Amino acid sequence: MANDDETVEITPGTPQFAKMVFKLNEAVTDENLAVLNYNGNELTQIDDGVYAQPAFVNDDFNLFFVITQLIEEDWIIAFSKATIENGSEITDLSEPIPTGEGLNKLGEVSPDDANNLLQYFNTLSDANRGEWRLLQ
């Protein structure tokens, strides 16, 4: 995982990994929106410049992707916990959670799903669509 030009290895599940965010290399547009879809779910614009989609949902724990400009001009994929009422009605999203922190929390609930999400981010990175950054 990269921090500017310096390569730093940070292991998922560690406190250091909780400080990692995934930064997209370009802004989200109608043209590239579908590339960011995960696990058959589609990103939905929920506000001006804010996109969300389910990443993991079960009865006890849920995480949604939230993609927006969080740090200066950088587009970041973060996570948010949703309040779900009546079985499927999303009524509220929490403040954004850094990407690494969300993956660590998911890893405590479902390691397999956390690994699948980590692979999703690695695929985006390999395709030069984004990169891991350490929050300073």
Side-chain angles (χ1 to χ4, degrees):
M1 291 170 209
N3 180 11
D4 295 329
D5 294 330
E6 177 183 329
T7 300
V8 178
E9 277 300 317
I10 297 180
T11 305
T14 64
Q16 295 86 358
F17 189 72
K19 298 175 186 171
M20 299 293 289
V21 294
F22 194 84
K23 179 188 114 25
L24 294 174
N25 288 340
E26 57 185 41
V28 175
T29 64
D30 289 341
E31 290 76 36
N32 68 10
L33 193 61
V35 172
L36 301 171
N37 291 344
Y38 174 73
N39 202 23
N41 296 310
E42 294 183 9
L43 280 164
T44 302
Q45 187 168 1
I46 59 172
D47 203 350
D48 205 21
V50 180
Y51 300 84
Q53 77 174 319
F56 178 84
V57 178
N58 75 11
D59 291 340
D60 301 321
F61 182 80
N62 65 73
L63 280 179
F64 281 68
F65 289 117
V66 175
I67 301 177
T68 190
Q69 288 178 282
L70 288 177
I71 304 170
E72 299 169 3
E73 297 297 313
D74 291 341
W75 284 80
I76 303 293
I77 301 179
F79 288 108
S80 181
K81 293 182 184 179
T83 301
I84 301 174
E85 297 177 357
N86 302 323
S88 63
E89 186 178 326
I90 299 165
T91 58
D92 191 28
L93 290 172
S94 71
E95 288 295 314
I97 301 166
T99 321
E101 182 180 339
L103 283 169
N104 282 354
K105 288 180 182 206
L106 179 57
E108 294 170 10
V109 175
S110 177
D112 288 342
D113 287 297
N115 284 332
N116 288 340
L117 272 171
L118 186 59
Q119 183 58 46
Y120 162 80
F121 288 111
N122 288 339
T123 299
L124 290 176
S125 181
D126 290 345
N128 201 31
R129 298 207 175 265
E131 62 188 354
W132 288 101
R133 290 281 178 97
L134 183 62
L135 290 173
Q136 299 298 324

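If you're wondering where the values come from, they're calculated on a predicted model, not measured in any experiment.
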Considering non-hydrogen atoms only, spot the tightest contact between [X] and [Y] and give its length.
X     : Y      : result
Phe17 : Thr11  : CB-O, 3.3 Å
Asp60 : Asn58  : N-OD1, 2.8 Å
Val21 : Pro98  : CG1-CB, 4.0 Å
Leu93 : Ala52  : CD1-CB, 4.4 Å
Phe22 : Gly130 : CZ-C, 3.4 Å

*asked:* Ring-plane angle category for Tyr38 and Phe65, please: parallel below 30°, perpendicular beyond 60°, tilted otherwise.
replied: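 If you compare the ring of Tyr38 with that of Phe65, the planes turn out perpendicular.
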Gap separating the [atom1] atom of [X] from the [atom2] atom of [Y], nearest 0.5 angstrom:
X      : Y      : atom1 : atom2 : result
Lys105 : Phe79  : NZ    : CZ    : 11.5 Å
Phe56  : Asp113 : CZ    : CG    : 5.0 Å
Leu24  : Ile67  : CG    : CD1   : 6.0 Å
Met20  : Glu101 : CE    : CD    : 13.5 Å
Thr44  : Tyr51  : OG1   : OH    : 10.5 Å

*Check step by step if side chain to side chain contact (heavy atoms under 4.5 Å, CB included) holds for Glu26 and Asn32.*
CA-CA 9 Å; Glu26 57 185 41; Asn32 68 10; 3.0 Å; yes
*Look at atom NZ of Lys23 and say whether more than 12 heavy atoms of other residues, nucleotides or ligands are closer to it than 6.0 Å.*
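Check passes, neighbour count above 12.
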Look at the side chain of [X] and the backbone N and O of [Y], then say whether any donor-acceptor pair between them is shorter than 3.5 Å.
X      : Y     : result
Asn41  : Gln53 : no
Asn104 : Gly13 : yes
Ser80  : Phe64 : no

Do [X] and [Y] come close enough that some side-chain heavy atom pair is under 4.5 Å?
X      : Y      : result
Thr99  : Trp132 : yes
Glu42  : Asn37  : yes
Leu63  : Lys81  : yes
Gln119 : Asn115 : no

*Stepwise side chain to side chain contact (heavy atoms under 4.5 Å, CB included) check, Tyr120 with Leu36*: CA-CA 9 Å; Tyr120 162 80; Leu36 301 171; 3.9 Å; yes
*Would a hydrophobic clustering, with Ile, Leu, Val, Met, Phe, Trp and Tyr connected at side-chain separations under 4.5 Å, put Leu118 with Val35?*
no
*Same cluster for Val109 and Leu117 if Ile/Leu/Val/Met/Phe/Trp/Tyr side chains link at under 4.5 Å?*
yes
*Stepwise, does the side chain to side chain contact (heavy atoms under 4.5 Å, CB included) test hold for Ile77 with Phe121?*
CA-CA 9 Å; Ile77 301 179; Phe121 288 111; 3.7 Å; yes
